[in-house]
Amino acid sequence: MNDCLFCKIIAGEIPSKKVYEDELCYAFYDIDPQAPTHFLVIPKEHIVSCGEVTAENAAVVGHCFQVISKVTKELGLQDFRVVSNCGERAGQSVFHLHFHVLGGRDMTWPPG
Ligand code: AMP
Ligand code: ZN
């Protein structure tokens, strides 16, 4: 039994506001946006985090970035930030690999 929140979103068991979908990945708006535009891109395959990327599953990660490039263009986002929190101490709360895409405001560095 898969208890993963994002696997349930992919399966349509939990509603989400879809931005993009294909056979490999799904993108949807974050429920608690941290910028005027904030969406998440996730592989449909359950990968826990960037720390679990291997030679076997790395292609889908590259695909996620292709999707980020395509969707940000479609949304007219020229400047944006891509973030993936890996592990609890880094701020990860959902243990299914996801890339936050944030834009529409000035960003600061370093992040907290
Ligand atoms: P992280 O804390 O980096 O693991 O990111 C998880 C993100 O998922 C957070 O930004 C949450 O706001 C977001 N989130 C949690 N539940 C949902 C949901 N049902 N729909 C959309 N985004 C969600
Ligand atoms: Zn999952």
Side-chain angles (χ1 to χ4, degrees):
M1 160 92 193
N2 186 352
D3 226 21
C4 170
L5 173 70
F6 286 175
C7 282
K8 287 180 179 164
I9 284 179
I10 291 163
E13 291 165 20
I14 291 173
S16 63
K17 204 170 157 211
K18 178 160 87 175
V19 182
Y20 174 87
E21 181 174 17
D22 62 27
E23 68 285 2
L24 293 176
C25 74
Y26 187 71
F28 57 107
Y29 286 105
D30 197 291
I31 205 167
D32 181 22
Q34 301 301 311
T37 301
H38 183 181
F39 63 91
L40 304 172
V41 180
I42 66 179
K44 287 190 171 175
E45 178 184 351
H46 181 89
I47 300 168
V48 170
S49 73
C50 284
E52 301 296 326
V53 175
T54 63
E56 285 69 41
N57 65 22
V60 76
V61 176
H63 185 74
C64 286
F65 277 86
Q66 240 182 295
V67 168
I68 289 168
S69 173
K70 174 184 160 63
V71 173
T72 50
K73 277 187 188 69
E74 284 171 4
L75 296 177
L77 278 185
Q78 280 166 351
D79 300 298
F80 56 90
R81 181 171 288 177
V82 181
V83 176
S84 191
N85 300 320
C86 181
E88 234 170 87
R89 284 192 72 198
Q92 187 175 10
S93 62
V94 178
F95 290 84
H96 178 129
L97 176 62
H98 51 282
F99 298 102
H100 295 262
V101 182
L102 304 121
R105 66 164 168 83
D106 292 337
M107 302 283 168
T108 59
W109 192 263

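Remember, it's 1-based here, ligands and their atoms both numbered in the order they're listed.
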Region of Q34 that comes within reach of ligand 1 [heavy atoms, distance under 4.0 Å]: neither

Show which atoms of ligand 1 fall inside a sub-4.0 Å distance from at least one heavy-atom site of L40. 8 (O)

Could you establish whether F6 and ligand 1 come within less than 4.0 Å of each other, counting only heavy atoms on the residue side? yes

Please report the interatomic distance CD1(I47) to NE2(H98), rounded to the nearest 0.5 Å. 13.0 Å

Under 3.5 Å donor-acceptor, Q78 side chain and G76 backbone: no

Taken to the nearest 0.5 Å, the spacing of H46 NE2 from C4 SG works out to 5.0 Å

Under-4.0 Å salt bridge between K44 and D22: no

Aromatic ring proximity, centroids under 6.0 angstrom, Y26 and F6: no

Quick check: N85 and ligand 1, any N/O pair under 3.5 Å apart? yes

Is it true that atom CD of E13 has more than 12 heavy atoms of other residues, nucleotides or ligands lying nearer than 6.0 Å? yes

Does only the side chain of I31 get under 4.0 Å from ligand 1, or the backbone, or both, or neither? Count heavy atoms. both

Of all protein heavy atoms, the one nearest atom 11 (C) of ligand 1 is D30 OD1, 3.4 Å

Closest non-hydrogen protein atom to atom 16 (N) of ligand 1, residue and atom name please, with distance? L5 CD2, 3.4 Å

Can you name the N, O or S atom of H96 that is closest to the Zn ion (ligand 2)? ND1

Where on F28 is there a heavy atom closer than 4.0 Å to ligand 1, on the side chain, on the backbone, on both, or on neither? side chain

Check whether any heavy atom of G91 sits under 4.0 Å from an atom of ligand 1. yes

For atom 2 (O) of ligand 1, what is the nearest protein heavy atom, given as residue, atom name and distance? S93 OG, 2.7 Å

Euclidean distance, I31 CD1 relative to I14 CD1, rounded to 0.5 Å: 9.0 Å

Min heavy-atom dist V83 to ligand 1 below 4.0 Å: no

Is K17 positioned over the aromatic face of F28, cation under 6.0 angstrom from the ring centre and no more than 45 degrees off axis? no

Polar contact flag for V94 and ligand 1 (N/O pairs, less than 3.5 Å): yes

Shortest non-hydrogen pair, I10 vs P43, comes out as CD1-O, 3.7 Å

Distance under 4.0 Å to a non-hydrogen atom of I9: what atoms of ligand 1 satisfy this? 18 (C), 19 (N), 20 (N)

Can you tell me if Y29 and T37 form a side-chain donor-acceptor pair at under 3.5 Å? no

Heavy atoms only: give me the nearest F95-G87 pair and the separation to one decimal. CE2-CA, 4.4 Å

Using heavy atoms and a 4.0 Å limit, tell me yes or no: is H98 in contact with ligand 1? yes

Heavy-atom gap K17 to ligand 1 smaller than 4.0 Å: no

The Zn ion (ligand 2) - closest N/O/S atom in H46: ND1

